[in-house]
Amino acid sequence: MSRLKIAVLISGGGSNLQALIDAVEQGSIKGEITVVISDKENAYGLQRAKEHNIEAIAINKKSFDNKNDFDAEMSKQLKSRNVDLIILGGFLSILPMDIIKEYEGRIINIHPSLIPSFCGNGFYGERVHKAVIEYGVKVSGATVHFVDEGTDTGAIILQQAVTVADEDTAETLAAKVLEVEHWLIVKAAALFCDGKLTVQGRRVKIL
Ligand code: GRF
C-alpha cells in the first residue's frame with residue numbers, strides 16, 4: 001500500500017510539524033510529508049522542513065493585494081501536489097473554500113482547547129489559554145478535528161484533557177497543552193493513514 005501524501009500548513013514555530021516529521025521518520029505514521037506551506041515568510045517551521053529535506057513553501061499573505069489572490073495561490077500549490085491529507089499544524093489563516101470542499105474529510109486541525117469551549121473566531125494560540133485562566137475552568141486540553149466550512153466546528157477526532165492548576169498561568173498552561181497537541185496530532189495522522197477513522201454525522205469512530 002503506497003504511503004499517503006501529506007501537506008502540513010503552518011504559521012509559526014512548527015512544533016506540531018516537528019512531532020509529525022519525527023513520527024513519520026520513526027514509522028508510526030504510514031504517510032509521507034511531501035510539502036510544508038506557511039502563510040508567513042519567516043515561520044521557523046519552514047526551517048524544520050528544510051532540515052528534513054521536505055519541500056517548504058512560503059505563501060506570504062502580506063504580499064497579496066487581497067484574500068482571493070492569496071486563496072488562489074494556496075489552492076494552486078495544494079492542488080498541484082495532489083496530496084491525500086492536509087494537516088493544519090498551527091496554521092492561522094482561513095483555508096480557501098474550494099480546498100475545504102474538495103478535501104472534505106481529509107483536512108485535520110489541532111486546536112489548543114477542548115472544543116466546543118474556547119474556540120472559534122479570535123481563539124488561537126495564547127489567547128485561548130488566557131481565556132481559560134480568566135474563566136477559571138479546572139480542565140482544559142487539546143482537540144484534533146476535521147475541518148469544515150466553520151471555524152473549529154468540524155467533527156472531533158481525538159481530545160485529551162489537562163488539569164488547570166491554581167498556580168497555572170496562560171504560559172504554563174500553553175506548555176502543558178502543547179505537549180498534548182503533539183501527541184494528539186500524531187495519533188490522528190497515524191489513524192487517518194491507517195484508514196481507521198470513520199465519520200457518521202458529527203461522530204468520528206475509530207475502527
Ligand atoms: C500553538 O499555540 C498551538 O497551540 C497551536 O498553534 C500554536 C503554534 O504551534 N496549534 P506550533 O508550535 O507552530 O506547532
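First listed ligand is number 1; within each ligand, the first listed atom is number 1.
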Next item on the list: Report yes if some heavy atom in the side chain of L173 is under 4.5 Å from a heavy atom in the side chain of V162; otherwise report no.
Entry: yes

What are the polar N/O contacts of ligand 1 with the protein below 3.5 Å, with distances?
from, atom 1, to, atom 2, distance (Å)
ligand 1, 4 (O), E181, OE1, 3.2
ligand 1, 4 (O), E181, OE2, 2.5
ligand 1, 10 (N), E181, OE1, 2.9
ligand 1, 12 (O), S15, N, 2.9
ligand 1, 12 (O), S15, OG, 2.6
ligand 1, 13 (O), G14, N, 2.8
ligand 1, 14 (O), S15, N, 3.2
ligand 1, 14 (O), N16, N, 2.8
ligand 1, 14 (O), N16, ND2, 2.8

Notebook entry, point to check: T143 and L114: which non-hydrogen atoms are nearest, and at how many Å?
Noted result: OG1-CA, 3.5 Å

Margin query: For the residue pair E32 / T34, report whether a side-chain donor-acceptor contact shorter than 3.5 Å exists.
Written below: no

Notebook entry, point to check: If you draw a 6.0 Å radius around NZ in K79, do more than 12 non-hydrogen atoms from other residues or ligands fall strictly inside?
Noted result: yes

Notebook entry, point to check: Do S140 and H129 have side-chain atoms, one donor and one acceptor, less than 3.5 Å apart?
Noted result: no

Item checked: Sequence-distant partners of E55, salt bridge (charged side-chain N to carboxylate O under 4.0 Å, His left out), two or more places apart -> R81

